[in-house]
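Predicted model, so just to flag it, every value in this text is computed and none were measured. Lettering of chains follows the sequences in order, A, B, ..., and the numbering in each one begins at 1.
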2 protein chains.
Amino acid sequence: MSDPIFEMHAQVCKVFTSPKRLEIINAIRNSEKSAGELVEILKISQPNLSQHLAVLREKGVVAIRKEGQNIYYKIANPKIIKACDLMREVLIEKLKQDQKLAKELIKQGI
Amino acid sequence: MSDPIFEMHAQVCKVFTSPKRLEIINAIRNSEKSAGELVEILKISQPNLSQHLAVLREKGVVAIRKEGQNIYYKIANPKIIKACDLMREVLIEKLKQDQKLAKELIKQGI
DNA sequence: CCTTTGTTTAAGTATTTACTAAAATACTAA
DNA sequence: TTAGTATTTTAGTAAATACTTAAACAAAGG
């Protein structure tokens, strides 16, 4: 077994490893949304959405507010958005770099 | 299938979801290390380490330098370290918050 | 109480990921 | 070329994750 802090750290980061969870995080980054609203936005089944929300809750990256029959979700810590955005930038920069390399190879006729 | 950008974003973030990969990232955050050195540090088998390095390479988060028989690994983009550190802070803050809540409950005698 | 609406949980299956052991590749030096 | 060291790749298996369907739970209104 690895050091428990690395273990926990890895567990928290699992919130980012599903495109649907990333879409949820993106949908609630500026304003809270109910589970029903998220179903509309993501266009997935309610149980599937609910399971992804459960992952986000268990890892503590979302906070909830109950109002009547609705449950509203929001991001628990703004650092989550910062980290998420940074990784998006890493991806974009890598894609640009790959594209640049590809162009150079084509120019050289390889 | 989700939007390809969320799909790719999720793929990149998989580098953070193994405690061993986090330990590798931590080990090379300040200075490059060879695969052999990393085996020493992590205390895992060379094939297992090599597989984790392969994940890091495929996602483009590490850069390599070959020197003789050795292959040195370093972080490809400092934003990866920033994102990793932010998620660590999110974890720490959550642990502190949980601890605080637990204390309050005990004080109330619940 | 019964029904409706919003949401979660459970069960089953398919896919993905991680680990172990064995084999292969790459480079260096004798 | 042969041997030795560093590293990766492959194959097989065990464990974790994601999705679908069906069932359960919770709150509100008639």
Side-chain angles (χ1 to χ4, degrees), chain A residues 1-4 6-28 31-74, chain B residues 1-4 6-25 27-28 32-74:
Chain A
M1 252 297 208
S2 298
D3 186 331
F6 287 115
E7 193 72 50
M8 287 185 290
H9 191 166
Q11 285 296 323
V12 173
C13 290
K14 286 187 183 172
V15 297
F16 293 144
T17 58
S18 150
K20 292 180 182 171
R21 283 196 292 271
L22 289 176
E23 218 173 331
I24 293 170
I25 290 169
N26 192 54
I28 61 175
S31 58
E32 64 176 15
K33 298 269 188 307
S34 71
E37 289 173 317
L38 290 169
V39 164
E40 289 297 313
I41 295 169
L42 297 227
K43 295 177 187 15
I44 60 178
S45 70
Q46 192 125 18
N48 192 10
L49 175 90
S50 188
Q51 283 157 354
H52 284 300
L53 289 176
V55 173
L56 295 172
R57 259 186 281 118
E58 283 157 21
K59 315 296 186 193
V61 313
V62 292
I64 67 173
R65 180 177 69 85
K66 296 185 182 184
E67 185 184 294
Q69 309 178 60
N70 301 302
I71 302 181
Y72 291 90
Y73 283 82
K74 68 175 177 184
Chain B
M1 251 299 207
S2 297
D3 187 330
F6 287 114
E7 191 73 51
M8 287 186 290
H9 191 165
Q11 285 297 323
V12 174
C13 289
K14 287 187 182 171
V15 297
F16 292 144
T17 59
S18 150
K20 292 179 182 173
R21 284 197 291 274
L22 289 175
E23 218 173 329
I24 293 170
I25 290 169
I28 62 175
E32 64 175 15
K33 297 270 189 308
S34 71
E37 289 173 316
L38 290 169
V39 164
E40 290 297 314
I41 294 168
L42 295 226
K43 296 181 186 16
I44 58 177
S45 71
Q46 191 122 19
N48 191 9
L49 175 88
S50 187
Q51 284 158 352
H52 285 300
L53 290 175
V55 173
L56 296 171
R57 259 185 282 118
E58 283 155 22
K59 313 298 186 192
V61 313
V62 293
I64 66 173
R65 180 176 68 85
K66 295 184 181 184
E67 185 183 292
Q69 309 178 59
N70 302 302
I71 303 181
Y72 291 89
Y73 283 82
K74 68 174 177 185

With 3.5 Å as the limit, what N/O pairs link the protein to nucleotides 26-30 of chain C?
residue	atom	partner	partner atom	Å
dC27(C)	O3'	Gly68(B)	O	3.4

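Between Val55(B) and Arg57(A), it is Arg57(A) whose nearest contact on DNA chain C lies nearer the 5' terminus. For the pair Ser34(B) and His52(A), nearest-nucleotide mapping onto DNA chain D gives the more 5' position to Ser34(B).
The distance from atom CZ of Arg21(B) to atom P of dA18(C) is 5 Å, rounded to the nearest whole Å. One atom, CD of Gln11(B), and another, P of dT17(D), lie 15 Å apart when rounded to the nearest Å. Atom-to-atom, CZ of Phe6(B) to C1' of dA18(D) comes out at 18 Å; the value is rounded to the nearest Å. Rounded to an integer number of Å, the gap from NZ of Lys14(A) to P of dT16(C) is 16 Å. The interatomic distance linking Glu58(A) (CD) with dT8(C) (C1') rounds to 12 Å, in whole Å. Separating the CZ atom of Phe16(B) from the P atom of dA18(C) is a distance of 15 Å, rounded to the nearest angstrom. Taking atom CG on Asn48(A) and atom C1' on dT15(C), their separation rounds to 14 Å, with Å as the unit. Here dA18(D) presents its P atom at 11 Å from CG of Leu56(A), a figure rounded to the nearest Å.
For the pair Ile64(A)/Lys66(A), a side-chain contact is recorded, criterion being any heavy-atom separation below 4.5 Å from C-beta on. When side chains are defined from C-beta on, Tyr73(A) counts as touching Arg57(A), because their heavy atoms get closer than 4.5 Å. Under the 4.5 Å side-chain criterion, counting only non-hydrogen atoms from C-beta, Phe16(A) is not in contact with Thr17(B). With contacts defined as side-chain heavy-atom distances shorter than 4.5 Å, the pair Ile41(B)/Lys33(B) qualifies. Residues Pro19(B) and His9(A) are not in side-chain contact: their nearest non-hydrogen atoms beyond the backbone lie 4.5 Å or more apart.
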Does Lys59(B) form a side-chain contact (heavy atoms from CB on, under 4.5 Å) with Gln11(B)? I'd like the steps, not just the answer.
CA-CA 7 Å; Lys59(B) 313 298 186 192; Gln11(B) 285 297 323; 2.9 Å; yes
Could you go through Leu42(A) and Asn48(A), starting from their C-alpha distance and side-chain angles, then the distance that decides it, and tell me whether this counts as side-chain contact (heavy atoms from CB on, under 4.5 Å)?
CA-CA 10 Å; Leu42(A) 297 227; Asn48(A) 192 10; over 6 Å; no
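Comparing the axis of the opening five pairs of the helix from dC1(C)-dG30(D) to dA30(C)-dT1(D) with that of the closing five pairs yields an angle of 10°, rounded to 10°.
The listed nucleotides are dC19(C), dA18(D), dT8(D); the one nearest the side chain of Lys20(B) is dC19(C). Out of dA18(D), dT8(D), dT9(C), the shortest distance to the side chain of Leu53(B) is found at dT8(D). Closest approach to the Ser50(B) side chain among dA18(D), dT9(D), dT7(C) is made by dT9(D) (side chain taken as heavy atoms from C-beta onward). Here dT8(C) is the nucleotide among dT8(C), dT16(C), dA18(C) with the atom lying nearest to any side-chain atom of Gln46(A).
A salt bridge is absent between Arg21(B) and Glu23(B); no separation between the charged side-chain nitrogens and carboxylate oxygens falls under 4.0 Å.
Summarising the geometry, atom CD1 belonging to Ile24(B) is positioned 7.5 Å from atom CD1 belonging to Ile28(B); distances are rounded to the nearest 0.5 Å. The line from CG of Leu38(B) to NZ of Lys43(B) is 12.0 Å long, rounded to the nearest 0.5 Å.
Contact annotation: Asn70(B) does not reach the phosphate of dA6(D) (side-chain N/O to OP1 or OP2, under 4.0 Å). Applying the 4.0 Å criterion to OP1 and OP2 of dG6(C), one finds that Tyr72(A) has every side-chain N and O outside that range. Within the structure, a side-chain polar atom (N or O) of Tyr73(B) is placed less than 4.0 Å from OP1 or OP2 of dT8(D).
Interface remark: the Gln51(B) side chain does not form any donor-acceptor pair with the dT7(D) base, using a distance-only criterion of under 3.5 Å.
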